[in-house]
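Presented below is the structure to which this report refers.
Reckoned from all heavy atoms, side chains included, excluding hydrogens, waters and symmetry mates. Fair warning: this is a prediction, and the values are worked out from it, not measured in the lab.
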Amino acid sequence: MRGQFTGWSEQAMDVLWQLQGEPTHATRERYRADRERLVRQPMIALLNAVADTDPRYEDFSVWHYRTDSWWWQHQAAVIRLGRKIEIGLRFDLDGLRIQGAWWYPDPGQVDMFRKAVASEGSGRELSAIVEDVRKKGYDISGDVMKRPPRGYPTDHSRTNLLRHRSLIAARPLGCEEWLHTPEAVDRVLAAAADLDALLMWLVRHVKRAA
């Protein structure tokens, strides 16, 4: 039976604090079991709780540890909604962070994105969605070209979007008392709702290339 999410404990923060800087191999091994129990397993429980609310959220991964110390200091997870389209979560000493992202695109996906952005209907829709997400406090970023892509007019009304080769909307959710309680599930679901229109636009228009 999978564990029920109850929040991250204060002890989880203590473990992450011990792993700051460049922890030695011995230090990592000393805290491996506590980190798994107090940091990674609660993220798995959180993702299970989120997945229970919507079948679209059932394909998720919670990352293991890697050689780079960053992976020991930050617990990352993703919910896959489409090819290279996902919700990302990260828990660390700064609290919980969420992002909606289309990134590391397959060959052909960037062309699909640009065609949809250039089209009046879908392009205007994305422009409005991005502006709405920005107003909700999300930073909009991605791999952005310095100039508009070839084949599109330099004075296109959506040239800023056309220059994107990936698109990310992210914001911190905070490090407040709710992080240590089941309320964190509701916080994640509320943020996922903020990102839903953007991610579903991407699912519709940026499919896997043939």
Side-chain angles (χ1 to χ4, degrees), residues 2-51 57-106 137-144 164-192 194-195 199:
R2 65 196 192 190
Q4 183 177 359
F5 179 75
T6 57
W8 279 279
S9 66
E10 293 288 353
Q11 289 75 22
M13 297 297 195
D14 293 338
V15 170
L16 292 178
W17 180 258
Q18 296 298 328
L19 294 168
Q20 290 305 290
E22 291 295 334
T24 64
H25 176 74
T27 298
R28 295 181 191 185
E29 290 307 307
R30 186 182 312 128
Y31 289 100
R32 179 187 289 270
D34 285 342
R35 190 193 181 287
E36 175 67 23
R37 177 173 57 89
L38 297 170
V39 178
R40 185 170 177 272
Q41 287 300 320
M43 179 67 88
I44 294 173
L46 172 67
L47 268 291
N48 276 318
V50 169
Y57 300 153
E58 290 177 354
D59 180 12
F60 68 82
S61 295
V62 177
W63 301 139
H64 285 280
Y65 320 110
R66 303 183 187 181
T67 303
D68 193 318
S69 59
W70 189 94
W71 295 96
W72 288 75
Q73 297 159 357
H74 306 80
Q75 181 58 61
V78 296
I79 302 169
R80 302 178 191 88
L81 297 172
R83 184 66 181 173
K84 304 303 179 73
I85 301 165
E86 61 193 32
I87 295 171
L89 291 169
R90 188 177 75 206
F91 170 73
D92 55 27
L93 287 176
D94 292 325
L96 195 59
R97 177 184 183 273
I98 191 168
Q99 70 177 27
W102 161 61
W103 54 357
Y104 306 110
D106 287 337
Y138 291 80
D139 291 327
I140 305 299
S141 64
D143 178 12
V144 182
H164 277 261
R165 290 182 291 204
S166 65
L167 185 60
I168 303 167
R171 77 174 177 91
L173 298 183
C175 189
E176 300 168 11
E177 188 59 33
W178 57 262
L179 195 60
H180 309 300
T181 75
E183 185 185 341
V185 176
D186 295 329
R187 299 277 180 154
V188 170
L189 290 173
D194 290 341
L195 298 168
L199 294 169

Residues at least two apart in sequence or cross-chain that pass side-chain contact (heavy atoms from CB on, under 4.5 Å) with Thr67, listed by chain then number, are none
Listed by chain and number, what are the side chain to side chain donor-acceptor pair (under 3.5 Å) partners of Glu58, not counting sequence neighbours? none
Establish, from distance only, whether the side-chain atoms of Ser69 and Arg28 form a donor-acceptor pair under 3.5 Å. no
Going by the rule salt bridge (charged side-chain N to carboxylate O under 4.0 Å, His left out), which residues pair with Arg90 if we only count those two or more places apart in sequence or in a different chain? Asp92
If I take atom CD from residue Glu22 and atom CG from residue Asp68, how far apart are they, to the nearest 0.5 angstrom? 7.5 Å
Student check: side-chain heavy atoms of Leu19 and Arg35 closer than 4.5 Å: yes
side-chain contact (heavy atoms from CB on, under 4.5 Å) against Glu176, all qualifying residues, sequence neighbours excluded: Trp178
Do you know which two heavy atoms are closest between Pro42 and Gly7, and how far apart they sit? CB-O, 4.3 Å
Should the pair Trp8 and Phe91 be assigned to parallel (<30°), tilted (30 to 60°) or perpendicular (>60°) ring geometry? parallel
With sequence neighbours left out, write down each residue that passes side-chain contact (heavy atoms from CB on, under 4.5 Å) with Thr6, or none if nothing qualifies. none
Applying side chain to side chain donor-acceptor pair (under 3.5 Å) to Trp17 and not counting sequence neighbours gives none
Taking ring pair (Phe, Tyr, Trp, His ring centres under 6.0 Å) as the test, write out the residues that go with Trp102, two or more places apart. Phe113
Residue from Val188, Leu81, Asn48 passing side-chain contact (heavy atoms from CB on, under 4.5 Å) with Tyr57: Leu81
Residues 166-174, side-chain donor-acceptor partners within the protein, below 3.5 Å, at least two apart:
from, atom 1, to, atom 2, distance (Å)
Ser166, OG, Asp143, N, 2.7
Arg171, NE, Tyr138, OH, 3.3

Does some side-chain heavy atom of Val50 sit less than 4.5 Å from a side-chain heavy atom of Ile87? no
So do the side chains of Trp63 and Val78 get within less than 4.5 Å of each other, counting heavy atoms only? yes
How long is the straight-line distance from CG of Leu47 back to OG of Ser61, given to the nearest 0.5 Å? 9.0 Å
For Ala12 and Leu38 the tightest heavy-atom approach is CB-O, 3.3 Å
Which heavy-atom pair separates Ala77 from Met43 by the least distance, and what is that distance? CB-CG, 3.9 Å
Rounded distance [0.5 Å steps], CG in Leu199 versus CD in Gln99: 10.0 Å
Taking side chain to side chain donor-acceptor pair (under 3.5 Å) as the definition, give me every residue that meets it alongside Glu177, ordered by chain and number, with sequence neighbours left out. none
Of all residues at least two apart in sequence or in a different chain, which pass the side-chain contact (heavy atoms from CB on, under 4.5 Å) check with Arg37? Asp34
Not counting sequence neighbours, which residues clear ring pair (Phe, Tyr, Trp, His ring centres under 6.0 Å) with His74? List them please. Trp70
Going through the distances and angles, do Leu96 and Arg187 end up as a side-chain contact (heavy atoms from CB on, under 4.5 Å)? CA-CA 10 Å; Leu96 195 59; Arg187 299 277 180 154; 6.0 Å; no
Polar side-chain atom of Lys84 near backbone of Tyr104 as donor-acceptor pair, under 3.5 Å: yes
From Leu189 atom CG to Asp194 atom CG, the distance as rounded to the nearest 0.5 Å: 11.0 Å
Grab the two heavy atoms, one from Val185 and one from Ala49, that are nearest each other, plus how far apart they are. CG2-CB, 3.9 Å
Return yes if some donor-acceptor pair links the side-chain N/O of Gln73 with the main-chain N/O of Gly21 below 3.5 Å, else return no. yes
Given side chains that start at C-beta, do those of Pro23 and Arg30 come closer than 4.5 Å, heavy atoms only? no
From the options Glu36, Arg32, Arg40, Gln75, select the one residue that forms a side-chain hydrogen bond (donor to acceptor under 3.5 Å, both in side chains) with Tyr65. Glu36
Excluding sequence neighbours, so at least two apart, what forms ring pair (Phe, Tyr, Trp, His ring centres under 6.0 Å) with Phe60? none
Between OH of Tyr31 and CG of Leu16, what distance do you get to the nearest 0.5 Å? 11.5 Å
